[in-house]
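Encoded as structure tokens, the structure appears first; notes follow it.
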Amino acid sequence: MDNWIKILTVNPIKSLLSSRDDILTHYVERDLLDKTNDKNIYNKEIDLIIKRQQSNGSWIFRSSSVKKYPSINHNLVETFKSIRILVGKYEMDKSFDVISKCADYIFDCQTSEGDFRGILGNQYMPYYCGLFVEYLIRAGYEDDERITQAMNWLISSKQNDGGWVVPLQTVKINKLDDQTYASDPIIADKSLPFSHLATGMVLRAFAVHSGFQKCDVTIKAAELIKSRFFKSDNYNDRKSPGYWTKFQYPYWWTTLLSSLDSLYDIGFTIKDRDIEKCIEWLLINQDDSGLWTTAYDKGDKDKLELNRLWIGYNICKILKLYLN
């Protein structure tokens, strides 16, 4: 038995294999039990996502906020949600037509400066830029010159301390309306402290890019993230320390899991005290089923339980990386 399983109070494998999700079962056997088997990439969730894709590669976001905030590219928000699932969860890449078309649409949203824009209207959004780059790299676009342009933009947009902020969140705005989103991009004061929310999301791009994984910019940002574990953010968005343990999978916002994943790719180990504290938290907070609380408890119970299983698989994968 692997060392990481021996350290846990409860063996989680039985719970993880209780799912009727064949793809999750395949991942558990492949990544946690080191078994090899064939995988059928398609399931109902994948089929539903593919059927909703538009001819231009995007997905349509349907909400009353579309009319309220016409300057926001709501379809880019929905497209992010789709690539996050298809690439981040189901490991699809550009060999699939749905992904190549999706990538074309995302690249169409890249500006001449190199950033991806639209989720905040015309405002800079380094945190989402980082995530788009991450998922595009995972889909096979690392060598694309447009990815290099985006990485260079991210480097140019960092704060003096080496982290990132969401510029829109660094200024006082009496009323956040469509005019704000449509106006010229706000330039953040470089002397302001970093946001760990934004920095953790941007770091994901650097952690998966083979050309930037070990560079000084990446190491500095990684050190900043470690320094903020279990602390409040410097800005209001997802400010509470509780968000560090509000887990999602695939990754979206900055959490302990998304950070540990990035830090491992960058080269950090369990010997780092900040990381050791995170691993200790995961070990202490395992429940009687062998799984963990996600901090999300509203919605369809079956979906919530399946999500908990996916997150449990992800936590086990992290533990195996650091403890074996």
Side-chain angles (χ1 to χ4, degrees), residues 1-37 39 85 88-91 196 200 203-204 207-208 222 225-231 240-297 299 301-324:
M1 184 179 293
D2 285 341
N3 291 332
W4 70 273
I5 294 182
K6 292 179 182 178
I7 293 172
L8 291 171
T9 303
V10 181
N11 187 329
I13 299 300
K14 182 178 180 180
S15 291
L16 293 174
L17 292 178
S18 69
S19 167
R20 295 180 180 179
D21 188 325
D22 291 340
I23 298 181
L24 174 57
T25 297
H26 166 78
Y27 288 167
V28 170
E29 293 178 343
R30 181 195 66 185
D31 298 331
L32 304 182
L33 301 178
D34 299 320
K35 294 181 179 180
T36 57
N37 53 33
K39 174 184 65 171
I85 298 297
K89 185 175 183 180
Y90 295 119
E91 301 180 358
H196 69 237
L203 185 61
R204 300 216 40 87
V208 298
I225 282 294
K226 293 191 314 95
S227 73
R228 300 301 302 176
F229 286 157
F230 300 107
K231 297 179 181 178
S240 168
Y243 284 109
W244 280 110
T245 55
K246 195 165 186 177
F247 302 133
Q248 330 94 31
Y249 187 79
Y251 301 126
W252 189 332
W253 310 110
T254 298
T255 66
L256 292 185
L257 294 183
S258 68
S259 301
L260 287 172
D261 186 64
S262 294
L263 291 167
Y264 183 84
D265 287 340
I266 294 166
F268 288 83
T269 71
I270 189 66
K271 293 180 180 180
D272 183 282
R273 182 52 186 155
D274 294 321
I275 290 174
E276 186 181 24
K277 288 179 180 178
C278 294
I279 299 299
E280 288 173 352
W281 187 95
L282 292 172
L283 296 177
I284 291 171
N285 284 277
Q286 187 187 30
D287 65 25
D288 293 339
S289 71
L291 301 177
W292 289 263
T293 300
T294 68
Y296 291 95
D297 55 7
K301 289 185 178 180
D302 289 339
K303 289 183 179 179
L304 287 172
E305 182 57 27
L306 181 58
N307 185 53
R308 195 165 85 101
L309 288 169
W310 274 98
I311 289 172
Y313 150 74
N314 179 228
I315 291 175
C316 289
K317 193 166 66 167
I318 293 290
L319 291 174
K320 183 177 180 182
L321 289 174
Y322 281 101
L323 296 176
N324 265 10

Counting only heavy atoms from other residues, nucleotides and ligands, does the tally under 6.0 Å from CZ of F229 exceed 12?
yes
Would you say D288 has more than 12 foreign heavy atoms packed within less than 6.0 Å of its CG?
no
Please name the pair of heavy atoms, one in [X] and one in [Y], separated by the smallest distance, quoted to 0.1 Å.
| X | Y | value |
| --- | --- | --- |
| W4 | L319 | CB-O, 3.9 Å |
| A207 | D265 | O-CB, 3.5 Å |
| P12 | G290 | CB-O, 3.2 Å |
| G88 | Y249 | O-OH, 3.7 Å |
| K231 | H196 | O-CE1, 3.3 Å |
| R30 | Y313 | NH2-OH, 4.2 Å |

After noting the C-alpha distance and the side-chain angles of I311 and L257, does the key distance pass the side chain to side chain contact (heavy atoms under 4.5 Å, CB included) rule?
CA-CA 9 Å; I311 289 172; L257 294 183; 4.2 Å; yes
Would you call [X] and [Y] a side-chain contact if the rule is heavy atoms closer than 4.5 Å?
| X | Y | answer |
| --- | --- | --- |
| T255 | T245 | no |
| Y264 | T269 | no |
| L17 | V28 | yes |
| L203 | I266 | yes |
| I23 | E91 | no |
| D274 | S227 | no |

Main chain of [Y], side chain of [X]: is a donor-acceptor contact present, judged purely on distance under 3.5 Å?
| X | Y | answer |
| --- | --- | --- |
| Q286 | T9 | yes |
| E29 | L33 | no |
| W253 | Q248 | no |

Could you give the distance from [atom1] ([X]) to [atom2] ([Y]), rounded to the nearest 0.5 Å?
| X | Y | atom1 | atom2 | value |
| --- | --- | --- | --- | --- |
| D31 | L321 | CG | CG | 9.0 Å |
| I225 | S258 | CD1 | OG | 7.5 Å |
| K89 | L24 | NZ | CG | 8.0 Å |
| L16 | I315 | CG | CD1 | 9.5 Å |
| L309 | S19 | CG | OG | 5.5 Å |
| L282 | C316 | CG | SG | 9.5 Å |

Decide side chain to side chain contact (heavy atoms under 4.5 Å, CB included) for I279 and L260; before the verdict, give the C-alpha distance in whole Å, the side-chain angles of both, and the deciding distance to 0.1 Å.
CA-CA 9 Å; I279 299 299; L260 287 172; 4.2 Å; yes
Which word best sums up how the rings of F230 and W281 line up, parallel for under 30°, tilted for 30 to 60°, or perpendicular for over 60°?
tilted
Return yes if a side-chain donor-acceptor contact under 3.5 Å exists between S262 and R204, otherwise no.
yes
One thing to verify: whether R308 and D287 come together as a salt bridge, which I'm taking to mean a side-chain N less than 4.0 angstrom from a carboxylate O.
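Here D287 pairs with R308 in a salt bridge, since their nearest N and O are under 4.0 Å apart.
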salt_bridge(R273, E276) N-O dist < 4.0 Å
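Judged by the 4.0 Å cut-off on N to carboxylate O distance, R273 and E276 do form a salt bridge.
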Which is it for L323 and N3 under the side chain to side chain contact (heavy atoms under 4.5 Å, CB included) test, yes or no, and what are the steps along the way?
CA-CA 7 Å; L323 296 176; N3 291 332; 5.7 Å; no
Pick out which of Y27, W292, Y251 makes a side chain to side chain donor-acceptor pair (under 3.5 Å) with N314.
Y251
Which is it for D2 and D34 under the side chain to side chain contact (heavy atoms under 4.5 Å, CB included) test, yes or no, and what are the steps along the way?
CA-CA 10 Å; D2 285 341; D34 299 320; 4.1 Å; yes
